[in-house]
Protein chains: 2
Amino acid sequence: MSLRHALLGLLSEDPASGYDLLKLFENSLANVWPATQSQLYGELGRLADAGLITVRSEGARGRKEYAVTDAGREELRHWLLDVPPVPIRRYDMLLRVFFFGQISADDAIAYLREQQQAAAAEGERLAELGKMIAPHQDNFTVYGRLALEWGLRSSRLHQEWAEWAIGEVKAHDPAANTDPCEPG
Amino acid sequence: MSLRHALLGLLSEDPASGYDLLKLFENSLANVWPATQSQLYGELGRLADAGLITVRSEGARGRKEYAVTDAGREELRHWLLDVPPVPIRRYDMLLRVFFFGQISADDAIAYLREQQQAAAAEGERLAELGKMIAPHQDNFTVYGRLALEWGLRSSRLHQEWAEWAIGEVKAHDPAANTDPCEPG
DNA sequence: CCCTGCATGTAATCCGTTACATGATTGG
DNA sequence: CCAATCATGTAACGGATTACATGCAGGG
């Protein structure tokens, strides 16, 4: 139920419409908690029903601007302070690694190289994001940068691990010829 | 739909019953792709319906031993070689960081310290797991060790990042007094 | 006038979690 | 004989993804 708190958190900084929130997500929370448009509108409805947010004003094209209520602020604080985050361990990418025995060493190495490149690209993307948000000094951006740093370190970890793992696979099957080197 | 492939992968090494697979998961795949008992049995049924596995023999207490079919092996290879893994980005833990502006610097630091300690404990757990599986030399264990190494590196990253982030929060709010030091 | 962007909603489906429900076998 | 373990299944619910569906407003 974290989307609920993501929305409460965004609305705690500034009132906004569903559409606004959707845009706000794109360059910030979507990196740590993706949400689709339909999910977002659905959750806003439920939050309003629960009295955690209210429609502060209605504008053109049916636009509804939401603001948090005191109950909503309370719920957000409770979640921040009392609910321990659940460590997520669900890595599609690592699952495949367990089954490398089912494919050739060359295919395994190709897989790892792709992962390494994907991680490098992700690092690039985050670095760009960092430049883009550089001027802002609001709380949300300041603390978001902590998350960004996590992402940068994580993409480095992915790259370094993949390189290391390629070495391990080669050591395990010296016949692998992806990176040509004189056979002994 | 990765549980499906996790099961195909395990059955590709050795035929097993649902119960066996459940036990096999515990110290290996559960670290990268958790699954509950009910999910597992459900998926086995669907895999059998789809002809990717078959009941090779029925034993005592209703035990059904499954084995992969050729179609199942093919599906596994296809998944390993042709389906790019989806990078998961859903970090409950980082989501909270964005909203540090809603709590005190001391509370934020306490949160980060808890994360650091949780990561240290996770590192310990994985190190123990590494010792436990040390003697085995089957494919599954050999490649699983690559995933284990990822986990060890990841837990180090978490710890180092948390330490760094604590420093950032302190720099941002010098009044924070969690780690007492003479005020200038 | 038309396209783009603003703006909101519903429905189907899948996957995962939790809980419930049952029963056979083996070892102490 | 009793407890632990082996062994399989079903049902309810919630969250996420995808697709569908609609319509207004402003700028060129």
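Here is how names work: the chains are called A, B, and so on, in the same order as the sequence lines, proteins then strands, and each is numbered from 1. Every heavy atom of this structure was used, including side-chain atoms; hydrogens, water molecules and symmetry mates were not.
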Could you tell me the separation between the [atom1] atom of [X] and the [atom2] atom of [N], rounded to a whole number of Å?
X: A:Leu29; N: D:dA16; atom1: CG; atom2: P; value: 14 Å
X: A:Leu7; N: C:dT8; atom1: CG; atom2: P; value: 13 Å
X: A:Asp92; N: C:dG16; atom1: CG; atom2: P; value: 11 Å
X: A:Met1; N: C:dT18; atom1: CE; atom2: C1'; value: 15 Å
X: B:Leu21; N: D:dC6; atom1: CG; atom2: P; value: 14 Å
X: A:Arg4; N: D:dG15; atom1: CZ; atom2: P; value: 8 Å
X: B:Leu44; N: D:dG9; atom1: CG; atom2: C1'; value: 12 Å
X: B:Ile88; N: C:dC15; atom1: CD1; atom2: P; value: 13 Å

Hydrophobic cluster identity match, [X] and [Y], side-chain contacts under 4.5 Å:
X: A:Tyr143; Y: A:Leu80; value: yes
X: A:Val97; Y: A:Leu157; value: yes
X: A:Phe99; Y: B:Leu44; value: yes

Checklist entry - Considering heavy-atom distances to DNA chain C, does A:Ser17 or A:Arg61 have its closest nucleotide positioned more toward the 5' end? => result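 Comparing both residues, the 5'-ward one is A:Arg61.
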
Distance below 4.0 Å between [X] side-chain N/O and [N] OP1 or OP2:
X: A:Lys23; N: C:dG5; value: no
X: A:Tyr41; N: C:dT8; value: yes
X: A:Arg63; N: C:dA7; value: yes
X: B:Tyr19; N: D:dC6; value: yes

Item to check | Selection from C:dT25, C:dG9, D:dT8 that lies nearest to any side-chain heavy atom of B:Ala60 | outcome: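 Taking heavy atoms from C-beta onward, the closest nucleotide is C:dT25.
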
Item to check | From C:dT26, C:dG16, D:dG15, nucleotide with atom closest to B:Trp33 side chain | outcome: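 Of the candidates, C:dG16 comes closest.
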
Checklist entry - When rounded to the nearest 0.5 angstrom, what is the spacing between CZ in B:Arg89 and OG in A:Ser154? => result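 These two atoms lie 11.0 Å from each other.
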
Checklist entry - Can you check whether A:Thr54 reaches A:Tyr66 side chain to side chain, under 4.5 Å on heavy atoms? => result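 In short, these two side chains do not touch, never coming nearer than 4.5 Å.
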
Checklist entry - More 5' along DNA chain D: A:Arg46 or B:Tyr66, using each one's nearest nucleotide? => result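 Comparing both residues, the 5'-ward one is B:Tyr66.
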
What nitrogen or oxygen pairs link the protein and nucleotides 17-20 of chain D at under 3.5 Å?
{"residue": "D:dT17", "atom": "OP2", "partner": "A:Gln39", "partner atom": "OE1", "Å": "3.3"}
{"residue": "D:dT18", "atom": "O4", "partner": "A:Ser38", "partner atom": "OG", "Å": "2.4"}
{"residue": "D:dA19", "atom": "N6", "partner": "A:Ser38", "partner atom": "OG", "Å": "3.3"}

Next on the checklist: Less than 4.0 angstrom from a charged side-chain N to a carboxylate O is my criterion; do B:Arg125 and B:Glu128 meet it?
Outcome noted: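 No, B:Arg125 and B:Glu128 are not salt-bridged.
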
Item to check | Electrostatic pair A:Arg77:A:Glu74 at N-O distance under 4.0 angstrom | outcome: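 Looking at A:Glu74 together with A:Arg77, the answer is no, because their closest N to O distance does not fall below 4.0 Å.
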
